[in-house]
Undergrad: 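Have a look at this one before I ask anything.
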Amino acid sequence: MAAPAAAATLKRGGLVAFPTETVYGLGADATQAEAIARLYRAKGRPAFNPLIAHVADLAAAQAIARFGPQSLALARAFWPGPLTLVLPKAEGCPVAELATAGLETIAIRVPAHPVAHAILTALGRPVAAPSANLSGHVSPTTAAHVASDLDGRIDLIVDGGPVAVGVESTIVSCLDGPRLLRPGGLPRAAIERVLGHPLARVVTDEHADTAHPLAPGMLASHYAPRAAVRLNARSVAPGEALLAFGPAVLPGAADAAAVLNLSPRGDLVEAAAHLFGHLRALDRPGITAIAVMPVPMEDLGEAINDRLCRAAAGREAEQT
Ligand code: AMP
Ligand code: MG
């Protein structure tokens, strides 16, 4: 029986590829930040995009997100199935900040596949699971596709045969009114029948293949601190907070308004796991700027730098 072994591997922070009805997913326990960091690394993703949390049923979803009447109606109509809902996080949501890329919202889905369901039930925790392919490759619809991309990079591949749908889930955000973020396995018309009205389409930078791109900032698809973010800091100015990386001590650090270190030993998995939590902790009233020490561009450093640049740019755009 594969599900108990898969759940045990996930529980100790391992990476497990498993079938869903859409495509094969690469799963990690969504509550373990370092497991999520290793997941991004295994995929070779150059950026931390928020991941979809997979849960066994609606009750498990309600433990991590807040539903309103419309999201509840959609969940009842289409779960389990290829519909992902983006919702406000619930109070005390245990999902790691890295899995949601620091956002206050969370994308959730209940997959309709017996193997996925068995694993989620056995683990009893949300599982973050993007498609089980290397970044830039097509999504895998068989275990053999997964193996050819990820063999040696992950702990377990659960073979459930070819998947049925073959395209990703439809993503609908239910924040201030339902909006279509990504077309996918569930047709728009089916969703509109349940809602009783047309579904507005929002094009984010990640899904900007058609139509008009959104004005930056209209959809909070990136975590943006209120404090200014100063990258590649070689010293700390008076009043600045310091986001450190590695063992070096910068000039001025002793007088910093606050200091947090992404990884004192310079480990990029640990740094990724701490990234959003530390940024958020330093982004508090009284701190106007966060100086960030350089993070090497290798391995997960590329994704860490991508998010730091976005955090810095968001603020600059606002100031000009
Ligand atoms: P994938 O796992 O590769 O199918 O991609 C997941 C998609 O869900 C990404 O395109 C994300 O942009 C989207 N997503 C996940 N969480 C959120 C969120 N909180 N808000 C908006 N989009 C999200
Ligand atoms: Mg994908």
Side-chain angles (χ1 to χ4, degrees), residues 15-28 30 36 39-40 42-55 61 64-67 71 81-90 93 95-111 113 116 126-141 145-146 149-150 163 165-186 199-210 213-214 216-224 276 280 303 306-307 310:
L15 303 180
V16 177
F18 62 91
T20 79
E21 80 280 27
T22 58
V23 299
Y24 271 75
L26 177 59
I36 301 298
L39 186 158
Y40 285 112
K43 277 186 66 86
R45 273 206 183 179
F48 296 134
N49 295 324
L51 304 173
I52 298 171
H54 292 67
V55 293
I64 60 174
R66 295 204 306 273
F67 285 73
S71 47
L83 173 67
T84 294
L85 295 174
V86 175
L87 301 168
K89 273 186 188 170
C93 173
V95 170
E97 293 241 45
L98 185 60
T100 56
L103 300 176
E104 294 296 338
T105 58
I106 184 163
I108 309 185
R109 181 166 105 78
V110 176
H113 191 291
V127 170
S131 54
N133 51 276
L134 287 175
S135 180
H137 289 193
V138 293
S139 296
T141 54
H145 293 165
V146 178
D149 264 22
L150 297 177
V163 300
V165 177
V167 294
E168 279 84 358
S169 59
T170 301
I171 304 180
V172 173
S173 79
C174 296
L175 300 175
D176 33 36
R179 289 167 201 273
L180 180 63
L181 295 189
R182 177 178 79 182
L186 180 68
L199 189 58
R201 168 90 193 262
V202 173
V203 181
T204 65
D205 53 354
E206 282 156 80
H207 309 126
D209 41 28
T210 48
L214 265 194
M218 241 183 88
L219 190 101
S221 64
H222 303 300
Y223 170 66
F276 292 104
R280 197 181 286 280
D306 170 81
R307 282 294 145 168
R310 289 172 193 267

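In listed order, ligands and their atoms are each counted from 1. Because the structure is a prediction, the values reported are computed rather than measured.
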Undergrad: Thinking salt bridges, do R280 and E97 make one under a 4.0 Å N-O criterion?
TA: yes
Undergrad: List ligand 1 atoms under 4.0 Å from I171, heavy atoms only on the residue side.
TA: 7 (C), 8 (O), 13 (C)
Undergrad: I'd like to check which ligand 1 atoms, numbered from 1 as shown, lie under 4.0 Å from a non-hydrogen atom of L103.
TA: 18 (C), 19 (N)
Undergrad: Below 4.0 angstrom, N of the basic side chain to O of the carboxylate: do E21 and R109 qualify?
TA: yes
Undergrad: As a check for students: among R45, E104, R109, K43, identify the option with a heavy atom nearest to atom 3 (O) of ligand 1.
TA: R45
Undergrad: How many angstroms lie between atom CG of L15 and atom NZ of K43, to the nearest 0.5 angstrom?
TA: 11.5 Å
Undergrad: As a check for students: among L51, L181, V23, identify the option with a heavy atom nearest to atom 21 (C) of ligand 1.
TA: L181
Undergrad: May I ask you to check whether R182 has an N/O atom sitting below 3.5 Å from an N/O atom of ligand 1?
TA: yes
Undergrad: Quick check on I52 - does any of its heavy atoms sit under 4.0 Å from an atom of ligand 1?
TA: yes
Undergrad: Do you know the tightest heavy-atom contact between L150 and N133?
TA: CD1-N, 4.0 Å
Undergrad: With atoms numbered from 1 as shown, which atoms in ligand 1 lie under 4.0 angstrom from a non-hydrogen atom of P130?
TA: 2 (O)
Undergrad: Could you tell me whether the side chain of Y24 and the main chain of S139 form a donor-acceptor pair under 3.5 Å?
TA: no
Undergrad: Which atoms of ligand 1 sit under 4.0 Å from any heavy atom of T105?
TA: 18 (C), 19 (N), 20 (N)
Undergrad: Any idea which heavy atoms bring A303 and R45 closest together, and the distance?
TA: CB-O, 3.8 Å
